[in-house]
Amino acid sequence: MSWLKKVEHLDKPEVDTAVFALSLCYLCGTGTQQDIERGGALLARTAVRGNSDMKMAYAEFLHGIKNDLAGAKAIWSEVAKDASNPEAQQEAKELLRTLK
């Protein structure tokens, strides 16, 4: 946990995976005190330039915790168009279909 906290303030793509892990720790309260706002902010940061899995996690945060269906749908639409991760692409398409 101490190593993850050291990269929290680094805004570099090469630490996005560590920041993503840290965001989940804050959201769940694993190894640190639970902090939904901090975890959500870090998750948003990684989703902006992250991979489809990071984007899907952020969309789930928006939908499930923040009750922001419009925000989640926008991210799912983006992932549904991205063929670089077929599993995430299919999951996003299915989620969008269930919302219609």
Side-chain angles (χ1 to χ4, degrees):
M1 193 63 194
S2 64
W3 182 86
L4 289 175
K5 286 184 176 183
K6 288 179 182 178
V7 300
E8 180 175 359
H9 300 290
L10 298 176
D11 191 22
K12 298 179 179 183
E14 56 268 20
V15 298
D16 280 350
T17 302
V19 173
F20 177 74
L22 181 61
S23 74
L24 299 179
C25 290
Y26 281 125
L27 290 171
C28 298
T30 303
T32 189
Q33 186 170 349
Q34 187 177 33
D35 188 336
I36 300 295
E37 294 305 316
R38 193 172 189 178
L42 292 174
L43 193 56
R45 191 173 100 195
T46 63
V48 168
R49 66 175 171 231
N51 60 36
S52 295
D53 293 326
M54 292 175 183
K55 290 176 183 176
M56 291 296 287
Y58 184 56
E60 182 59 33
F61 168 78
L62 290 175
H63 180 249
I65 295 175
K66 290 295 189 175
N67 294 317
D68 179 1
L69 182 58
K73 284 174 76 173
I75 294 170
W76 289 329
S77 295
E78 181 182 329
V79 174
K81 296 173 188 172
D82 181 4
S84 69
N85 184 336
E87 289 177 10
Q89 183 183 38
Q90 184 61 34
E91 182 181 355
K93 287 179 180 180
E94 288 174 19
L95 286 165
L96 289 168
R97 262 194 300 269
T98 63
L99 296 172
K100 290 184 180 183

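For the single chain, residues carry numbers from 1 onward in sequence order. Excluded from the calculations below are hydrogen atoms, water molecules and symmetry mates; all remaining heavy atoms, backbone and side chain alike, are included.
Taking each heavy atom of Ser84 and Ser52 in turn, the nearest pair found is OG-OG, 4.3 Å. Between Asp53 and Asn85, the shortest heavy-atom contact is OD1-ND2, 3.3 Å. Nearest heavy atom pair, residue Gly39 against residue Ser23, reads O-CB, 3.4 Å.
Within the structure, salt bridge (charged side-chain N to carboxylate O under 4.0 Å, His left out) pairs that include any residue of residues 4-15 comprise Glu8-Arg38, Asp11-Arg49 (at least two apart or interchain). The ring pair (Phe, Tyr, Trp, His ring centres under 6.0 Å) pairs that include a residue from residues 79-100 number zero, where partners must be two or more places apart or lie in different chains. Applying the salt bridge (charged side-chain N to carboxylate O under 4.0 Å, His left out) test to residues at least two apart or on different chains, the pairs with a partner in residues 73-90 are Lys55-Glu78.
By the salt bridge (Lys or Arg N to Asp or Glu O under 4.0 Å) test, Glu94 pairs with no residue at all, sequence neighbours left out. Evaluation of the side-chain hydrogen bond (donor to acceptor under 3.5 Å, both in side chains) rule for Glu60 yields no partner, not counting sequence neighbours. Every residue meeting the salt bridge (Lys or Arg N to Asp or Glu O under 4.0 Å) condition with Lys66, not counting sequence neighbours, appears here in chain and number order: Glu37. Evaluation of the side-chain hydrogen bond (donor to acceptor under 3.5 Å, both in side chains) rule for Ser2 yields no partner, not counting sequence neighbours.
Linking Ile, Leu, Val, Met, Phe, Trp and Tyr whenever their side-chain heavy atoms come within less than 4.5 Å leaves Val48 and Leu42 in two separate clusters.
When hydrophobic residues (I, L, V, M, F, W, Y) are linked wherever their side-chain heavy atoms come within less than 4.5 Å, the members clustered with Met54 are Phe20, Leu24, Leu27, Ile36, Leu43, Met56, Tyr58, Phe61, Leu62, Ile65, Leu69, Ile75, Trp76, Val79, Leu95, Leu96, Leu99.
Between the side chain of Gln34 and the main chain of Tyr26, no donor-acceptor pair closer than 3.5 Å is present.
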